[in-house]
Amino acid sequence: MADRRVVEHDQSWAVLAAAHIAGVRDALSGLVTQVEHVGPTAVAGLPADPVIGIAARLDATANVSTLMRLATVAGWAFDGDLGADGGLVFTRHHAGLTVRLHVIGAFQPLWDRLLGVRDTLRADADLAARYSHLIRDGLRYPGAAQQLLVQIADRYGPAEQMPVVNRVRAALFTPAERILLVRRTKPGEPIHWVLPGGGIELGDAGLEDTALREVREETGGHARLHRLIHVAVVAGTAHAIFLGRIDQWDESARTGPELADASRGGYHLDELDPRDPVFARGLVWPLPTAQWLVEHITAGTDLFTLPDLRDQEPPRWAPRPARTSSPGGR
């Protein structure tokens, strides 16, 4: 772990955080419900590694693709998905300091844990003094300050467990040993690709049923599913990922309801080599699955020999929440 630079508290941190919070609320209006200054820099008098932490709570119906585009337009650089350890992370720099934005899913326990730590340290002078002592003397007590924060956070609920799956996708290999993806295009947004799939509907009999239906709707083809190989959690939403094969597809035979909505942009089918750089560059959705694929392909893993996750611990699943005017996911 890199050495942390701990400095005494600076009152300007709160001013800087307030300015960025206002900017986030404006840039992500309608996509986030709350924005707060979090972390040690949010507690007056507390020494800290001077990284300004801001947490934004995602609206349950927010479109993550739109959020990422608007955050980028507003000057935030996407740093990855830390899941239960930090949500979707964006950074920017101001006045020589790093400002880090954590976008947290509407139902992720991380939100209550972050605010609980902040509010406890603000209210409990003895605990704040103990933290200050530990963080200042990090060489003598390595990791002790962070351990104390975890202990405080645990008062506000357990760390995140695997959420209930309500979206299903498929990594489908074609006869050319490429992966069939939906290329998403929309004015003002960078081109990106998505594994075919979507939400579990009330009439679906299970995860495989959802995957097969979504593949038919989005590709006009019929998949042969092999195994459930990955579960990707993005901003608190769990996507079950099946591995499979598809021999034929037909854009003219697609029936997905999103295809009729011109405001949602273009949906076109591409075959991409799993070693294509777009997988490693964060341009394939869901991001955790793209990263997982890169790791296995780089290691030379035969994906079709991997175990079925349902043999270890069957994921809990349920139909997705009813859609509103702003659908979630991609």
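Residue indices begin at 1 and follow the sequence shown.
Between Val215 and Pro196, the closest heavy-atom pair is CG2-CB, 4.4 Å. Listed here is the closest heavy atom pair of Ala170 and Leu225: CB-CD2, 4.4 Å. Taking both residues in full, the closest heavy atoms of Val234 and Pro286 are given as CG2-CB, 4.1 Å, listed atom of the first, atom of the second, then distance. Between Asp273 and Phe279, the closest heavy-atom pair is O-CE1, 3.3 Å. His94 and Leu16 get closest at one heavy-atom pair: CD2-CD1, 3.1 Å. The minimum heavy-atom distance between Asn166 and Ala318, with the atom names listed, is CB-O, 3.1 Å.
Of the options Ile241, Leu195, Ile200, Leu228, a side chain to side chain contact (heavy atoms under 4.5 Å, CB included) to Val168 is made by Ile200 and by none of the others. Among Asp112, Thr120, Asp119, the one residue that satisfies the side-chain hydrogen bond (donor to acceptor under 3.5 Å, both in side chains) test with Tyr156 is Thr120.
Here Leu172 contributes atom CG and Arg178 contributes atom CZ; the two are 15.5 Å apart, rounded to the nearest 0.5 Å. Separating the CZ atom in Phe90 from the OG1 atom in Thr72 is a distance of 6.0 Å, to the nearest 0.5 Å. The structure places CG of Leu28 at 9.0 Å from CG of Leu58, a figure rounded to the nearest 0.5 Å. Gln291 contributes atom CD, which lies 9.0 Å from atom NE2 of His230 (distance to the nearest 0.5 angstrom). Between the CZ atom in Arg264 and the OG1 atom in Thr185 there is a gap of 13.0 Å [rounded to 0.5 Å]. Between the CZ atom in Arg184 and the CG atom in Leu283 there is a gap of 14.0 Å [rounded to 0.5 Å].
Thr174 and Glu271 share a side-chain donor-acceptor pair at under 3.5 Å. His9 and Trp13 share no side-chain donor-acceptor pair at under 3.5 Å.
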Practice item. Could you walk me through whether Leu306 and His296 pass side-chain contact (heavy atoms from CB on, under 4.5 Å), step by step? Key: CA-CA 10 Å; Leu306 294 175; His296 279 286; 4.2 Å; yes
Practice item. I would like to know whether Val182 and Leu269 meet side-chain contact (heavy atoms from CB on, under 4.5 Å); could you show each step before the answer? Key: CA-CA 5 Å; Val182 180; Leu269 300 176; 3.9 Å; yes
Check your understanding: Should Ile54 and Ile21 be marked as a side-chain contact (heavy atoms from CB on, under 4.5 Å) after you check the CA-CA gap, both sets of side-chain angles, and the distance that decides it?
Key -> CA-CA 7 Å; Ile54 296 174; Ile21 286 172; 4.1 Å; yes
Review point. Checking side-chain hydrogen bond (donor to acceptor under 3.5 Å, both in side chains) for the pair Thr33/Asp59: CA distance, chi angles, key distance, verdict?
Key: CA-CA 6 Å; Thr33 57; Asp59 185 274; 5.8 Å; no
**Study point:** Pair Arg245-Glu177, side-chain contact (heavy atoms from CB on, under 4.5 Å): steps then yes or no
**Key:** CA-CA 9 Å; Arg245 294 192 178 276; Glu177 292 303 316; 3.0 Å; yes
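In this structure a side-chain-to-backbone donor-acceptor pair under 3.5 Å is missing from Asp270 to Leu272. Judged by distance alone, with hydrogens and angles left aside, the side-chain atoms of Arg100 form no donor-acceptor pair with the main-chain N or O of Ile52 at under 3.5 Å. The backbone N or O of Ala253 lies less than 3.5 Å from no partner atom in the side chain of Arg216, so there is not a single donor-acceptor pair. Side-chain N or O atoms of Gln108 include one that pairs as donor or acceptor with a backbone N or O of Gly105 at under 3.5 Å. A donor-acceptor distance shorter than 3.5 angstrom exists from the side chain of Arg254 to the backbone of Tyr267, with no hydrogens or angles considered. Here the side chain of Asp204 pairs no donor or acceptor atom with the backbone of Gly206 at under 3.5 angstrom.
With a 4.5 Å cut-off on side-chain heavy atoms, Leu207 and Val165 count as touching. Inter-residue side-chain proximity for Thr289 and His239 is flagged as unmet; no heavy-atom pair is nearer than 4.5 Å. Contact annotation: the side chain of Glu8 approaches that of Arg136 to within less than 4.5 Å [non-hydrogen atoms, C-beta and beyond]. The side-chain heavy atoms of Pro274 and Leu293, taken from C-beta on, include no pair separated by under 4.5 Å. Annotation: side chain of Leu110 is in contact with side chain of Leu114 (closest heavy-atom distance under 4.5 Å). Looking only at side-chain heavy atoms (C-beta outward), Pro50 and Asp10 stay at 4.5 Å or farther from each other. In this structure, Leu303 and Phe173 have side chains that are in contact, with non-hydrogen atoms separated by less than 4.5 Å. Annotation: side chain of Leu31 is in contact with side chain of Leu70 (closest heavy-atom distance under 4.5 Å).
If you chain together hydrophobic residues whose side chains sit under 4.5 Å apart, Val51 and Leu121 never meet in one group. In the hydrophobic clustering of this structure, Trp292 groups with Phe304; members are Ile, Leu, Val, Met, Phe, Trp, Tyr whose side-chain heavy atoms approach within less than 4.5 Å, directly or through other members. The cluster map of Ile, Leu, Val, Met, Phe, Trp and Tyr, joined by side-chain heavy atoms under 4.5 Å apart, puts Val6 and Leu127 in the same cluster. Under the 4.5 Å side-chain heavy-atom criterion for ILVMFWY residues, no single connected hydrophobic cluster contains both Val73 and Leu101. Grouping the Ile, Leu, Val, Met, Phe, Trp and Tyr side chains by contacts below 4.5 angstrom, directly or via other members, places Val117 apart from Val150.
Between Glu208 and Arg213, no side-chain nitrogen of the basic residue sits less than 4.0 Å from a carboxylate oxygen of the acidic one, so the salt-bridge criterion is not met. Asp49 and Arg5 are not joined by a salt bridge, as no carboxylate oxygen comes within less than 4.0 angstrom of a charged side-chain nitrogen. Salt-bridge formation is not detected for the pair Arg169/Glu218: no Lys NZ or Arg NE/NH1/NH2 atom is positioned less than 4.0 Å from an Asp or Glu carboxylate oxygen. Here Asp247 pairs with Arg224 in a salt bridge; the nearest charged N to carboxylate O distance falls below 4.0 Å. For the pair Arg118 and Glu36, the salt-bridge criterion is met [side-chain N within less than 4.0 Å of a carboxylate O].
The neighbour count for Glu251 CD, taken as heavy atoms of other residues, nucleotides or ligands under 6.0 Å away, is above 12. Within 6.0 Å of CZ in Arg130 there are 12 or fewer heavy atoms belonging to other residues, nucleotides or ligands.
Figure legend: Arg92 and Trp76 shown as a cation-pi pair, the cationic atom lying under 6.0 angstrom from the six-membered ring centre and within 45 degrees of its axis.
A distance of 6.0 Å or more separates the ring centres of Phe242 and His226.
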